[in-house]
Amino acid sequence: MTTRRLTALTPEQAPGRAGELLTDIARRHGSAGEMVSTMAHSPALLDGCLNLSRAMKRVKIPRALSEKLSLAVREWIGCGTCAEAHRAAGRAAGLSETDIELARQGTSTDPREAALIGLALRVLAEPGSLSDEDIVEVRAHGWSDRVIAEVVGVVTLNLLTGAFNLLAGIQPDRKA
């Protein structure tokens, strides 16, 4: 079992802008959640993460496919908390259990989607190896430059939140 390394903060405990952000989130949603409350140790990190998260809700990547990208990236990162959240979000977006399992394996039954998932994993694991041919291949599957660029944002948000959860020791409770 992972030990908590950083503690969640209340709005009153959070420094500067982080306290304001937590107060606003709690007012709108009832609570900020464990990761966000813990991220409040750094006002800059919390503000940046929230802004990136809001921005990534405006991508042209269809929601179900965005969840497939997230599932593939989360599997590679190894954050159990995020994996659970994206499995639930994937189901809510209409993904079947087969879709979810294939995404966790870094693929899809749809070759077009598989190409984008593969790109996301390359962006995460080996961005320096990406070549002109890789981009030509993804474009050949019909993906626009906008979507190709947005893959980097989806990967970045998943890496940010997953790495933070792992660093902070935020993992799902394991039932015996």
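Please read all numbers here as calculations on a predicted model, not as lab measurements.
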Specify the closest pair of heavy atoms between [X] and [Y], including all atoms of both residues, with the distance to one decimal.
X      : Y      : result
His141 : Glu137 : CD2-O, 3.1 Å
Pro15  : Ala40  : CD-O, 3.4 Å
Pro11  : Thr23  : CB-OG1, 3.2 Å

Side chains of [X] and [Y], heavy atoms from C-beta outward: is any pair under 4.5 Å?
X      : Y      : value
Leu22  : Ser37  : yes
Ile77  : Cys82  : no
Val151 : Leu116 : yes
Gln171 : Cys79  : yes
Met35  : Thr81  : no

Atom pair [atom1]/[atom2] of [X] and [Y] - distance to nearest 0.5 Å:
X     : Y      : atom1 : atom2 : value
Leu21 : Met39  : CG    : CE    : 12.0 Å
Glu75 : Leu124 : CD    : CG    : 12.0 Å
Thr38 : Ile170 : OG1   : CD1   : 4.0 Å

So, using side-chain contact (heavy atoms from CB on, under 4.5 Å) as the criterion, who are the partners of [X] when residues are at least two apart?
X      : result
Ala114 : Thr107, Ser108
Thr109 : Leu102
Leu130 : Leu119, Arg122, Val123, Asp134

Side-chain donor-acceptor contacts of residues 26-33 below 3.5 Å, not counting sequence neighbours, with atom names and distances?
from, atom 1, to, atom 2, distance (Å)
Arg27, NH2, Asp24, OD1, 2.2
Arg28, NE, Asp24, OD2, 3.0
Arg28, NH2, Asp24, OD2, 3.0

Applying side-chain hydrogen bond (donor to acceptor under 3.5 Å, both in side chains), name anything that partners Thr156, two or more places apart in sequence or on another chain.
none
Listed once per pair and sorted, the salt bridge (charged side-chain N to carboxylate O under 4.0 Å, His left out) pairs that draw on residues 147-169, sequence neighbours left out:
Arg146-Glu150
Pairs where residues 34-47 contributes a residue and the test salt bridge (charged side-chain N to carboxylate O under 4.0 Å, His left out) is met, not counting sequence neighbours
Arg4-Glu34, Arg17-Asp47
Evaluate the side-chain contact (heavy atoms from CB on, under 4.5 Å) criterion for residues Val154 and Val73: first the C-alpha distance (whole Å), next the side-chain angles of each, then the deciding distance (0.1 Å), finally the verdict.
CA-CA 9 Å; Val154 172; Val73 168; over 6 Å; no
Distance-only donor-acceptor pairs under 3.5 Å for side chains of residues 56-66, two or more places apart:
from, atom 1, to, atom 2, distance (Å)
Arg58, NH1, Arg54, O, 3.4
Arg63, NH2, Glu67, OE2, 2.5

Got a sec, which residues hit salt bridge (Lys or Arg N to Asp or Glu O under 4.0 Å) with [X], two or more places apart in sequence or on another chain?
X      : answer
Glu97  : Arg91
Asp132 : none
Arg87  : none

Co-members of the apolar cluster containing Ile100 [side chain, <4.5 Å]:
Leu71, Leu95
Between the main-chain N or O of [Y] and the side-chain N or O of [X], is there a donor-acceptor pair closer than 3.5 Å?
X      : Y      : result
Arg5   : Leu167 : yes
Trp143 : Glu113 : no
Gln13  : Thr10  : yes
Arg112 : Gly142 : yes

Hydrophobic cluster membership, Val138 vs Leu69, 4.5 Å side-chain cutoff
yes
Show the numbers, then the answer: is there a side-chain hydrogen bond (donor to acceptor under 3.5 Å, both in side chains) between Ser70 and Asn158?
CA-CA 6 Å; Ser70 294; Asn158 280 285; 3.0 Å; yes
